[in-house]
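Only one structure is covered here, and it is reproduced in the block below.
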Amino acid sequence: MILVYPVSEMPKVIRKTYALEQDVFMKLRDFYELNKDMRHHKAVVYHEGEPVFCLGYVRNRPVNVDPDNPRVQMKLSNFWNYNPEDEGIDYSYVDRYQMVLYENLEEYSCHTAGMIMKHNPDIVIAFTDPNARYFFEESDRLFIAGNEEELFSAHPELKDLRTLRGKTEIRWDVQGVFTGNVSSIEIMTSMYWLKREFYYGPENPDKTFYLIKQPVKENGITALVSNVMGIIGMLRVKRPDFIPVVDLGVANDPNQFTGMSGEDVWGMFFKQVSPHSLQEVYNSQHVVLDQNSNLNMNPYLTEFVFSNQRAQLKYGNELQYLDEVQTYVDQTLSRVFPEEKKRILAVIARGSDYLAPSVAPYVPHGITAEETLEKAISCVREKHFDNVFLATEDQSYLEMFKNSELKDILLYVDQDRVDYSREENHDKLLIEIYGREKKDPYKRTLDYICVLEAVTRCDALLANVTCGVVTYALGRNPDYEFVDVAQIG
């Protein structure tokens, strides 16, 4: 993003200058794209021979995400290729509002304000930044003030408008998306999320593919499923004409499945989500490439993930395991579940790295494993279940259940588990422990998939927290007698 700085911050050695013109942000954007070594140098903008302000590049990254922890970083788009003549923009997010109020004039606020005005002149545009006067003229639909108090004091009628506020500071704020308080990059993303269309070859001139190609990073298998199915669910609502395809193979993406090889993690376990192969897609005329993890800054996806739409999402036929994976699951679970039909309670006891300091602030926390065991015992007594299937990656939780009164009816998959009572595992993420122990990630994931599928084959569900296994189980849409997930405060 290119920000505006006062003349007082003019560099002592001026390396780049521009005349004050409407397209100065785009001219400097193009310069920074081609000259990476100059991105730490500010450019000075002149008007009638006098410097009026400086412009400088800053990397797009949220201020509330740990910049030193690569596991929680977001790689956000710089939007190098937009222009005022762009077509095919999605205005449906901003069209919900009667006014868009920008905190500061900067690259994204300047461009989106101009595009919104051209698209829908009935939407009021306002800036609480006097620098906006260099690019916009005040009118009965555009207002410029020094701050919100000044704006509403001069124009009290604006207070009653349904307002979308765009801030310069990039902050991942789920609540803000629902309350109309977002970063200007989110407004930009809501408009441009469909614009990354590529021509890969001559095939399929009558089809448009949406290529879900994201880095895996620290994500486990349920997060991958949830992300992919969430995007497919969003596409069903937003663009049902698009054909989704998945390629979770990104170069230099360290993850627990493939290391740094860049192999497609999705293709290791799942069939393609559409009848079209990746080879076919990579030779097609119309391929929209999603914004990688920039989707975290897409209000549409945030709304979908954190609303009832996501909770009600059913995975359906798009989620199918490879034949060899399904065979492994069926053979494993045939040794776990009794041959005759029994009423089985699935118990999910999530713990492990949810408690690590580097992850704890970003995940929900429910009841303890001890409280979960007590609830499971009560359920068995009151509802007369024949067996309890326990899903947990924490060895100490398994031992606790095995030493309880449930021991004779307890079912579980024989998988690698982590003992978090050992000092060397304190405050460590699962991916760190797995990397240290150097065990086969493919076999480990197959066993975990067996756990996921086992939960869906049970009659009822009890969980100590909303986690990936819960999301997966509900997405698979089993006909549970009841679902009891701990309420999060």
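- Residue Asp479 qualifies as open at atom CG: its count of foreign heavy atoms under 6.0 Å is 12 or below.
- Tyr397 and Thr372 share no donor-acceptor pair across their side chains, judged by distance under 3.5 Å alone.
- Within 6.0 Å of CD on Glu324 lie more than 12 heavy atoms contributed by other residues, nucleotides or ligands.
- The two atoms that bring Leu319 and Arg476 nearest to each other are O-NH1, 3.2 Å, heavy atoms only.
- Side-chain contact annotation: Tyr32 with Asn78, donor-acceptor N/O pair under 3.5 Å absent.
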Task: Evaluation steps, side chain to side chain contact (heavy atoms under 4.5 Å, CB included), between Lys207 and Ser284 - done: CA-CA 8 Å; Lys207 295 181 175 64; Ser284 294; over 6 Å; no
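- Using a 4.5 Å heavy-atom cutoff, the side chains of Val228 and Ile232 are in contact.
- For Asp241, the CG atom is densely surrounded, since the number of other residues' heavy atoms within 6.0 Å is greater than 12.
- Within a 6.0 Å radius of CZ in Phe337, other residues, nucleotides and ligands contribute more than 12 heavy atoms.
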TODO: Could you go through the side chain to side chain contact (heavy atoms under 4.5 Å, CB included) check for Arg96 and Leu164 one step at a time?
DONE: CA-CA 9 Å; Arg96 303 174 188 176; Leu164 175 65; over 6 Å; no
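- Using a cut-off of 4.0 Å between Lys/Arg side-chain N and Asp/Glu carboxylate O, Asp440 and Arg444 are scored as not salt-bridged.
- Taking 4.5 Å as the limit, every side-chain heavy atom of Arg239 sits out of range of all side-chain heavy atoms of Asp90.
- Partner Tyr442 forms a ring-ring contact (aromatic ring centres under 6.0 Å, His included) with one of Phe257, Phe269, Tyr448 and no other, that one being Phe269.
- Side-chain contact, Ser92 with Tyr300: a donor N or O sits under 3.5 Å from an acceptor N or O.
- A donor-acceptor contact shorter than 3.5 Å links the side chain of Lys314 to the backbone of Leu474.
- Residue pairs meeting the salt bridge (charged side-chain N to carboxylate O under 4.0 Å, His left out) criterion with at least one partner in residues 276-285, sequence neighbours excluded, are absent.
- Of the inter-residue distances, the one linking Glu405 atom CD with Ile377 atom CD1 reads 4.0 Å to the nearest 0.5 angstrom.
- Here the side chain of Arg29 pairs a donor or acceptor atom with the backbone of Tyr82 at under 3.5 angstrom.
- With rounding to the nearest 0.5 angstrom, the CG atom of Leu373 is 5.0 Å from the CE atom of Met400.
- Between the OH atom in Tyr480 and the SG atom in Cys458 there is a gap of 6.5 Å [rounded to 0.5 Å].
- Checking side-chain atoms of Asp247 against main-chain N and O of Val245 turns up no donor-acceptor pair under 3.5 Å.
- The closest side-chain donor-acceptor pair between Asp394 and Ser396 falls under 3.5 angstrom.
- Of all non-hydrogen atoms in Leu345 and Cys379, the two that sit nearest each other are CD2-CB, 3.8 Å.
- At distances below 3.5 Å, at least one donor-acceptor pair connects side-chain atoms of Asn60 with backbone N or O atoms of Met1.
- Side-chain contact between Val225 and Tyr315: present, with at least one pair of heavy atoms (C-beta onward) separated by less than 4.5 Å.
- By the 4.5 Å heavy-atom criterion applied to side chains, Asn204 and Ile243 are not counted as neighbours.
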TODO: Please test Asp459 against Lys342 for salt bridge (Lys or Arg N to Asp or Glu O under 4.0 Å), starting from the C-alpha separation and ending with a verdict.
DONE: CA-CA 9 Å; Asp459 299 280; Lys342 300 285 186 180; over 6 Å; no
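- Nearest heavy-atom pair across Val329 and Cys450 is CA-SG, 3.7 Å.
- Put simply, the side chain of Val182 reaches to within 4.5 Å of the side chain of Tyr93, judged on heavy atoms.
- At least one donor-acceptor pair under 3.5 Å links the side chain of Ser404 to the backbone N or O of Leu406.
- Within a 6.0 Å sphere centred on CD of Glu87, other residues, nucleotides and ligands contribute 12 heavy atoms or fewer.
- Lys195 contributes atom NZ, which lies 14.5 Å from atom CG of Leu289 (distance to the nearest 0.5 angstrom).
- When all heavy atoms are compared, the tightest approach of Ser183 to Arg171 is OG-N, 3.2 Å.
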- [ ] Decide salt bridge (Lys or Arg N to Asp or Glu O under 4.0 Å) for Glu169 and Lys167; before the verdict, give the C-alpha distance in whole Å, the side-chain angles of both, and the deciding distance to 0.1 Å.
- [x] CA-CA 6 Å; Glu169 183 179 72; Lys167 302 181 182 300; over 6 Å; no
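- Remark: aromatic rings of Phe25 and His111 are distant, center separation not under 6.0 Å.
- Inspection of the Asn283 and Gln279 side chains reveals no N or O donor paired with an N or O acceptor under 3.5 Å.
- Look at Asp330 and Arg457 and you find a salt bridge, because one of the NZ, NE, NH1 or NH2 atoms lies within 4.0 Å of a carboxylate O, short of that distance.
- Between the side chain of Asp386 and the main chain of Arg343, a donor-acceptor pair closer than 3.5 Å is present.
- Within a 6.0 Å sphere centred on CG of Asn83, other residues, nucleotides and ligands contribute more than 12 heavy atoms.
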- [ ] Decide side chain to side chain contact (heavy atoms under 4.5 Å, CB included) for Val418 and Glu393; before the verdict, give the C-alpha distance in whole Å, the side-chain angles of both, and the deciding distance to 0.1 Å.
- [x] CA-CA 6 Å; Val418 175; Glu393 291 180 286; over 6 Å; no
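- Taking both residues in full, the closest heavy atoms of Leu452 and Tyr321 are given as CD1-OH, 4.5 Å, listed atom of the first, atom of the second, then distance.
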Task: side chain to side chain contact (heavy atoms under 4.5 Å, CB included) between Thr179 and Arg165, intermediate numbers included - done: CA-CA 9 Å; Thr179 59; Arg165 286 174 167 80; over 6 Å; no
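- Annotation: the span from Ile170 atom CD1 to Ile185 atom CD1 amounts to 4.5 Å, rounded to 0.5 Å.
- Side-chain atoms of Phe270 and Leu224, non-hydrogen and from C-beta on, never get closer than 4.5 Å to each other.
- Listed by chain and number, the residues in a ring-ring contact (aromatic ring centres under 6.0 Å, His included) with Tyr472 amount to none (sequence neighbours excluded).
- Listed for the Trp266 side chain is a donor-acceptor partner under 3.5 Å among the backbone atoms of Lys271.
- Every residue two or more places apart in sequence or in another chain that forms a side-chain contact (heavy atoms from CB on, under 4.5 Å) with His286 is listed here: Glu197, Thr208.
- Below 30°, between 30° and 60°, or above 60°: for Phe198 and Tyr200 the angle between ring planes is below 30°, a parallel geometry.
- Expressed to the nearest 0.5 Å, how far CG of Leu248 lies from CG of Asp253 amounts to 9.0 Å.
- Not less than 6.0 angstrom separates the ring centroid of Phe209 from the ring centroid of Phe242.
- Side-chain contact between Asp447 and Tyr328 is present, with at least one heavy-atom pair separated by less than 4.5 Å.
- A donor-acceptor contact shorter than 3.5 Å links the side chain of Gln272 to the backbone of Val246.
- A distance-only check finds a donor-acceptor pair linking the side chain of Asp173 to the backbone of Gly176 [under 3.5 Å].
- Residues Lys402 and Tyr412 have side chains in contact (heavy-atom distance under 4.5 Å, counting atoms from C-beta outward).
- Looking at Glu186, its side chain never comes within 3.5 Å of a backbone N or O of Asn298 through a donor-acceptor pair.
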